[in-house]
Amino acid sequence: MKRRDLFVDLFRACNSGKSATQLHSQILRTGFAYDSFFVTKLNSLYAKYTSIEEAYQLFDETPQRTVYLWNSMLRSHCREKQWKRTLLLFKHMLSDKFKLEQRPDNFTVSIVLKACAGLKWLKLGKMVHGYVKKDQKMALDMFVGAELIELYSECGKMGEALKVFQEFPKPDVVLWTIMVTGYELNGYLEEAVTFFSRMVVKEGISPDPVTLISLVSACAQLRHGMLGNCVLGFVIRRGFEADISLTNSLLNLYAKSGSVKIAANLFKWMIERDVVSWSSMIACYVRNEAAVKALELFNEMINQGVEPNAISMVSGLQACALACNLEEGKKIHDLAAKKGFDTDVSVSTALIDMYMKCFSTDEAVDVFRKMPWKDVVCWAALLSGYAQNGMAYMSMGVFRDMLSNETQPDAVAMVKILSASSELGILQQAICLHGYVIRSGFENSAFVGVSLIELYSKCGSLCDAVKVFEGIFDKDVVILSAMIAGYGMHGQGREALKLFDWMVKSSAASPNNVTFLSLLSACSHSGLIQEGINIFDIMVHEYKVDPSSEHCGILVDLLGRIGELDKAMDIIKQMPTPVQPHVWGALLGACRIHQNIEMGEVAAKNLFHLDPNHSGYYILLSNIYALSEKWVNMEKIRTSIREKGLKKMFGLSVIEIGNEVHSFVADDKFHPDCEQIYELLRQLEMKMRSGVKLFHDAEFYFGA
DNA sequence: TTAGGGTTAG
């Protein structure tokens, strides 16, 4: 048999999927056993379709190893993402002086660079780059260039990546795409979009589906929905709609930019859907708080026989957490266990989160304990879960355990521990955590800054909150809103208004719905009634912010306090969204102040319907009756509280003096200094009633 | 002879 005939046979066999073993014996029979071409081809077939071990056997048996054979072996490890084994083999290749006929070529170099990128081994990668620079031909090889750019972009060195890119006089679409992807993955989203437009507009290179995926992914993070429409048009014109990854990334763009309807339509329109499409759509519903729809979709996916992966499990569990649906959550837990995903760190974290949000702390802890290895995300889920369940004191213990397990917090974990700590309100602890923030270099994180402002505000130290605020250079809308809320908490409405004024005049940031909520609440807590009403007006008419149920609740409270009960009622009637209990609650409170029994009864009726187990509202109504001496009605309400077995929720107050934390409830008589405390309280009350400026006296008493 | 770029969750 001639070599040429065997060559043809071999290629036919490759295409028809004939096994490497059969081919091997065929080659041995024909006497071409040491032909380097056949050996290389067989080696790659073994590695691809049989096993790496078989490939190694052939490799070991071959006395004359060409660079092609080494490359084939290296590539097999690379395909399996065995980066360290790839580099180890490369080391052997270099020391195999007697058997190696040629020097490593550009193909070898590109594989080695890929392994360096996979391990983020910049030092070795740079050495290889030095080797490449010495060889003109290799330096202009676009395959090598691609791997070099990838290496630098994986290591976060986009400047170096750009230098390599600029060495090429005519980079092709793949090189452009790697640059766009690099910018996108490193969070330089605007640069990714600019680079893309340079490629298309200036260089006239037509993007392919892969380029578009990276562009769309950048737009999704920028919440740039408009660009999605352009890309969608292009996709249809070019007939790219069959590329499922591309349509998935478009779906994700609409999902993240809040266009739920468009996303749902695109999902329906897609020719083919894979597990990524389903997870994206489920995640879209979760993000937009449509928990029921998300759960329905998850179950539909399972029923249609789509094989779930770890990510779709996470989305399903998030839906359960949002819906507070423990039953469905447990079902997904069982399914995850059956499919072997319960040891996956992301799935376990989602399980912890789900159980915590469904108030099942024991189950959450159980999942946490069973995790084979723990990362910072799951520690953060556990400690914030405790805080959500009113057990913030446990969060502190978890944080300490996390540190002693040598897990360093990231910015998210830091935010969670700070907010857990703010639930406790212990200033001494806040100061310790602030110290930790500075020592670990989180000081410049905007998210951490916001949490610190909130923490100090809640621990009663407004001046520390202001110090943190003033230290932040780039004051965005979130930071400004947090500071306004801090002033509000301390009854400093005027300061809150001043800061808002500064924010608007200096154009530091544009106020959003949260800013207005903080501001309205600050006005309400400081008795700045007319100012609050004006702010609401500015919000709706100047800033075109749609008032939420929370905004309306505060407005009702403000109007109610000055006796404008009819106007307050009008606001409730005009609300576009379903009226939440707290809005009626604000009206009921106002009715008590102004003795409006009729309207109070209307508010109470609605409240008893919406929130039948809240004892506070019954007590409010009975107080209204008591103040207007309607004893019969009052007794009816009191009886109904008893019959329903409603218990009053106790409010626990905590105050920190020196290094000691004192806690007490209303009418508490357990404190050792009880008599003195009540005496001071009585004096303060007298002063309040006599209209003396209390603030200065309080300063005198507490030595503030 | 061997060949470079991609989508979802945390």
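Just so we're on the same page: letters track the sequence lines, and every chain starts at 1.
Considering only side-chain N and O atoms, Lys41(A) lies under 4.0 angstrom from the phosphate OP1 or OP2 of dT2(B). Considering only side-chain N and O atoms, Asn252(A) lies under 4.0 angstrom from the phosphate OP1 or OP2 of dT8(B). A sub-4.0 Å separation between OP1 or OP2 of dG10(B) and a side-chain N or O of Lys374(A) is absent. Contact annotation: Arg273(A) does not reach the phosphate of dT7(B) (side-chain N/O to OP1 or OP2, under 4.0 Å).
Within 4.0 Å (heavy atoms only), Thr211(A) reaches at least one base atom of the nucleic acid. Counting non-hydrogen atoms under 4.0 angstrom, Leu175(A) reaches a base of the nucleic acid. Nucleic acid contact for Ser280(A): sugar-phosphate only, since backbone atoms but no base atoms lie under 4.0 Å from a heavy atom of the residue. Residue Asn71(A) is in base contact, counting any heavy-atom pair closer than 4.0 Å across all strands shown. Contact annotation for Asp353(A): no contact, since no heavy-atom pair falls under 4.0 Å across all strands. Residue Asp243(A) is classed as a base contact, given a heavy-atom separation below 4.0 Å to a base. Among the atoms of the strands shown, only primed sugar atoms or phosphate atoms (P, OP1, OP2) are found under 4.0 Å from some heavy atom of Arg287(A). At a threshold of 4.0 angstrom between heavy atoms, the contacts of Val377(A) are confined to the sugar-phosphate backbone, with no base atom among them. Among the atoms of the strands shown, only primed sugar atoms or phosphate atoms (P, OP1, OP2) are found under 4.0 Å from some heavy atom of Thr181(A). Counting any heavy atom pair closer than 4.0 Å across all strands shown, Asp172(A) reaches a base atom. Within 4.0 Å of Lys48(A), counting heavy atoms only, lies no atom of the nucleic acid at all.
For Asp141(A) and dA3(B), the CG to C1' distance is 9 Å, given to the nearest whole Å. Atoms CZ (Phe341(A)) and P (dG10(B)) sit 17 Å apart, rounded to a whole Å. Look at CE on Met301(A): it is 16 Å from P on dT8(B), rounded to the nearest Å. For Leu89(A) and dT2(B), the CG to P distance is 19 Å, given to the nearest whole Å. Rounded to a whole Å, the CG atom of Leu148(A) is 15 Å from the C1' atom of dA3(B). In this entry the distance linking CG of Asn288(A) with P of dA9(B) reads 13 Å, nearest Å.
Judged by the 6.0 Å distance and 45° axis criteria, Arg237(A) is not positioned over the aromatic ring of Phe234(A).
One N or O donor and one acceptor, one from the side chain of Ser279(A) and one from the base of dT8(B), sit under 3.5 Å apart. No hydrogens or angles were tested; on distance alone, nothing pairs the side chain of Asp375(A) with the base of dG10(B) as donor and acceptor under 3.5 Å.
Side-chain contact between Tyr285(A) and Glu296(A): absent, with no pair of heavy atoms (C-beta onward) separated by less than 4.5 Å. Side-chain contact between Val174(A) and Met142(A) is absent, with no heavy-atom pair separated by less than 4.5 Å. Contact annotation: the side chain of Met73(A) approaches that of Asn43(A) to within less than 4.5 Å [non-hydrogen atoms, C-beta and beyond].
Checked for salt-bridge contact, Glu363(A) and Lys330(A) meet the test: a charged N lies under 4.0 Å from a carboxylate O. Salt bridge annotation for Asp353(A)-Lys357(A): present, with a cationic side-chain nitrogen under 4.0 angstrom from a carboxylate oxygen.
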